Amino acid sequence: MKYASVIVDVPAMQTDRAFDYKIPEEWQELVTPGMRVIVPFGPRKIQGFVIEIKNHSEFKRLKAISELLDLTPCLTSELIQLGQWLTEKTLCFKISAFQAMLPAAMKAKYEKALGLTTDDVTELVEQLQPFFKNGNQVDLKELEQTVSLKMIQKEIEQGHLEVIYKVKQKGNKKTIKIIKRNESLLRLTELIKELPANAKKQIEIISYFTTNEINEIALQDLLIEANTSDASVKALISKGILKEEIKEVYRDPYQDRHFEKTKRLILNNEQQQAITPLIKTINENVHDVFLMYGVTGSGKTEVYLQSIEEVLNNGKEAIVLVPEISLTPQMVHRFKGRFGSKVAVLHSGLSTGEKYDEWRKIQRKEVQLVVGARSAIFAPFENLGMIIIDEEHESSYKQEENPRYHARDVAIYRAKLHKCPVVLGSATPTLESFARSKKNVYKLLTLKERVNKRSMPQVDIIDMREELRSGNRSMFSTSLIEKLTERLEKGEQSVLFLNRRGYSSFVMCRDCGFVIQCPHCDISLTYHRHGQQLKCHYCGHEEQMPNVCPECQSEHIRFFGTGTQKVEEELVKVLPHSRIIRMDVDTTGRKGAHEKLLTRFGNKEADILLGTQMIAKGLDFPDVTLVGVLTADTMLHLPDFRASEKTFQLLTQVSGRAGRHELPGEVIIQTYTPEHYSIQLASQYDYDSFYNHEMQLRKNHAYPPYYYLALLTVSHPEITKVVSVTEKIVQFLRRNVENETKILGPVASPIPRIKDRYRYQCMVKYKREKNLHETLRKIIEHFQQEMSSNDLMIAIDLSPNTMM
DNA sequence: AGCACGCCGACT
DNA sequence: GTCGGCGTGCTC
């Protein structure tokens, strides 16, 4: 007799362990670790993951697995192990770790229904009787709307009704019907004559098979091609001449796109030097981490492509991670063009079903390469030959919700197991990675020249304070307008970049200075042109834009700050004849809208592309010769120790968008702090100096990479509770950490209240702290009751990206 | 997370 | 005396 250890789908501290189940006789040999099952849990039924098969169980009153959801495990043994590791590393629940590895379609949904337990409907209360006219089950949600719960409860007590717990799958395999011939072509030709003459349509169908000499065809195609209805097809099937088969098909998001085969390019000297050690590790089957530091346009991608080719030739698989926002069609094209149908693509633009299908291709070993965003790092490959993380510095590789993992850490963990290399690529590596390469923990591969030998575009820093002094109160400097006009005249294109983070349009009274804030969060509301609404970006609260100031009744209340809409309006005023494409969340909301706008810009249907973060990455248009950054320093003032680093990265990234082809490019950076080193050094493309300068600061302030961080955020509706809990935590930490570890706090979070919950935090800065995870676990355990009963929340982020 | 069980106050 | 509030503890 075998038993299954199951991790159940209940994300709670008390259930964060395996539960044992009997395996029914008929599945004894079938159930293996990594399969999803449905199990009884208390009174209900829920989904779970089998993580182990055992011959004994300590527990006496075992229940049996009620259903199998997979016949092939969806988690490989490696992924089960990885899940355990993730759980410890990020202090998340086991179930959350497993769920993070799978496409959303495989997560269960739960529903409750009421079932009739008697044959005689009239035993029920009259009011309930009509609901069971068409069957003996009714959806509970539906019933709740019209009937009181009490009445239902009574009926359950009397044994007339029962609650049925249902587990539903979200997405599923898409299938089509295939019609096959059941006879030889020769026999079919004979059959045409044998069929009754009035069976015209049937004859037509058979002729279609014989004249085209085909064995099978999709039903929907056959109906069109042979111009018939499925009644005739059914008739032939029942006669045994044809047969029907169900076939799983993939929703292919790229099916009507043609990818021209691209050939490998000749590598230049630098690229050759970079790829050699990489190829060596690939062929020798050893684990290593490479940092490929290559300036924009230095041809990193070609190095990726050729090393992947090597991996695939060795019969192994590869994962390429790309930041969500640069997973553009251009990017996909490069991989599909080289490797065709061997590639699966995973990103958030796909529907749940499409993601599931791409994932299935990986599981069934139909592809050898995955290109995708963060979660693609969990691709269920079993024979990994290499993992590439492009734009390694991107903060989106860190998941900001549980499990708070960093894709880079997962990549290195998996690569160690598979004895294969990890390649981290960037033009502006994170300080962490570059520091590791200096210590030779990562092997540094450097690409200093651009492939086309062009120098980087000239960058001009414009001091906006000067502009203000000389009477220019607009958001465009004289120089920027001049250069934009110049491009318009020459028929060249420009890109304007608005860095909006931490600088959205808030509403302020000009008389008393009152700023309208969210009633539930301590943050100012954002003005939305659409319907004159004020919106909170944290809790979704909405209200109407007032006509007068709520404080002083002044009419001089208006919105400040710079949204893309506002910039567009202003721009049209200054350059009335320019054609502008605006790209932001509003214009790219719909699926495919993003791509359409870019195509239009590429076709030169506009002169100026205006947008936020999303246009900073990977765009490559030959006629763009001017890039303008409207406000370079907004991000600098966020409460974030990485603010300078992010600013440097962004400016470097954006500058790389200009003059990528024959035409030379120019960059304008507008700022109120032109002397800031991250702006100065970005304009000189001087990563090394930036690195040295920033490292010194990090050292002085005890930040990464000199120290590791852990951020604990406590939240509760009452501020006194929050403060006292955080205080207790800090005291406990102080008693349990090493001497050189620093503990900051308790302090209010940068956003002190979200959704009516007060937030306090404490930051742990440590170098070596062997037992930190254990200590943090103890803290959670200590507050466990309060967390489940008293609405208390403690969030722990190990190596947080920001302090928010 | 759900859900049952169980112990106290305010009503028919 | 009963209904129903939510604190406590369990789920293989």
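In what follows, every chain begins at residue 1, and chains take the letters A, B, ... in the order their sequences are listed. Being a predicted model, the structure only gives us computed values, none of them experimental.
- Counting only residues at least two apart or in different chains, side chain to side chain donor-acceptor pair (under 3.5 Å) contacts with residues 725-734 of chain A comprise A:E727-A:Q731.
- Residue A:K54 is out of contact with every strand shown, counting any heavy-atom pair closer than 4.0 Å.
- A:Y21 places its OH atom 5 Å from the P atom of C:dC12, with the value rounded to the nearest Å.
- When the side-chain contact (heavy atoms from CB on, under 4.5 Å) test is applied to A:P403, the partners found at least two apart in sequence or on another chain are A:T90, A:C92, A:S96, A:A100, A:Q399, A:Y405.
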Protein and nucleotides 1-5 of chain C: nitrogen or oxygen contacts under 3.5 angstrom:
residue	atom	partner	partner atom	Å
C:dG4	OP1	A:K150	NZ	2.9

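- Contacts of residues 36-52 of chain A with DNA chain B (heavy atom under 4.0 Å): A:P43, A:R44.
- With rounding to whole Å, A:Y165 atom OH is found 10 Å from B:dA4 atom C1'.
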Show which side-chain atoms of residues 63-75 of chain A pair as donor or acceptor with protein atoms under 3.5 Å away, not counting sequence neighbours.
residue	atom	partner	partner atom	Å
A:K63	NZ	A:G42	O	3.2
A:S66	OG	A:I38	O	3.0
A:D70	OD1	A:R36	NE	3.3
A:D70	OD1	A:R36	NH2	2.8
A:D70	OD2	A:R36	N	2.8
A:D70	OD2	A:R36	NE	2.9

*Passes salt bridge (charged side-chain N to carboxylate O under 4.0 Å, His left out), A:D9 versus A:K107? Steps please.*
CA-CA 9 Å; A:D9 183 15; A:K107 199 180 162 191; 5.8 Å; no
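- Residues satisfying the side-chain contact (heavy atoms from CB on, under 4.5 Å) criterion with A:S5, sequence neighbours excluded, are A:A18, A:D20, A:I51, A:E52, A:K54.
- Nucleic acid contact for A:Q14: base, since at least one base atom lies under 4.0 Å from a heavy atom of the residue.
- Following rounding to the nearest Å, A:N790 (CG) and C:dC6 (P) show an atom-to-atom distance of 14 Å.
- In this structure, the side-chain contact (heavy atoms from CB on, under 4.5 Å) partners of A:N136, at least two apart in sequence or on a different chain, are A:L116.
- Listed by residue number, the members of residues 80-87 of chain A with any heavy atom below 4.0 angstrom from DNA chain C form an empty set.
- Within residues 60-69 of chain A, the residues approaching DNA chain C are A:R61, A:L62, A:K63, by heavy-atom distance under 4.0 Å.
- Contact between the side-chain N/O atoms of A:Y110 and the OP1/OP2 oxygens of B:dA1 is not found at any separation under 4.0 Å.
- In this view, A:D756 and A:R753 satisfy the salt bridge (Lys or Arg N to Asp or Glu O under 4.0 Å) rule, not counting sequence neighbours.
- A perpendicular orientation is assigned to the rings of A:F19 and A:F41, their planes being inclined by more than 60° (bins at 30° and 60°).
- Atom CD of A:Q784 is separated from atom P of B:dA1 by 11 Å (rounded to the nearest Å).
- For A:E29, there are no side-chain hydrogen bond (donor to acceptor under 3.5 Å, both in side chains) partners, not counting sequence neighbours.
- As rounded to whole Å, 9 Å separates atom C1' of C:dC10 from atom CZ of A:R17.
- A:Q14 meets the side-chain contact (heavy atoms from CB on, under 4.5 Å) test with A:Q784; sequence neighbours excluded.
- In this structure, A:F59 reaches the bases: a heavy-atom distance under 4.0 Å links it to at least one base atom across the strands shown.
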_Walk me through whether A:S348 and A:E324 qualify under side chain to side chain donor-acceptor pair (under 3.5 Å)._
CA-CA 7 Å; A:S348 67; A:E324 189 71 71; 3.1 Å; yes
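- B:dA1 atom C1' lies 11 Å from atom NZ of A:K112, rounded to whole Å.
- Regarding A:I23, its CD1 atom lies at a distance of 13 Å from the C1' atom of C:dC12, rounded to whole Å.
- C:dT11 atom C1' lies 14 Å from atom CG of A:D16, rounded to whole Å.
- Within 6.0 Å of the NZ atom in A:K365, the count of heavy atoms belonging to other residues, nucleotides or ligands exceeds 12.
- Residues A:K94 and A:Q84 form a side-chain contact, since some pair of their non-hydrogen atoms from C-beta on lies under 4.5 Å apart.
- A:E78 and A:H418 share a side-chain donor-acceptor pair at under 3.5 Å.
- Nucleic acid contact class of A:F93 (heavy atoms, under 4.0 Å, all strands): none.
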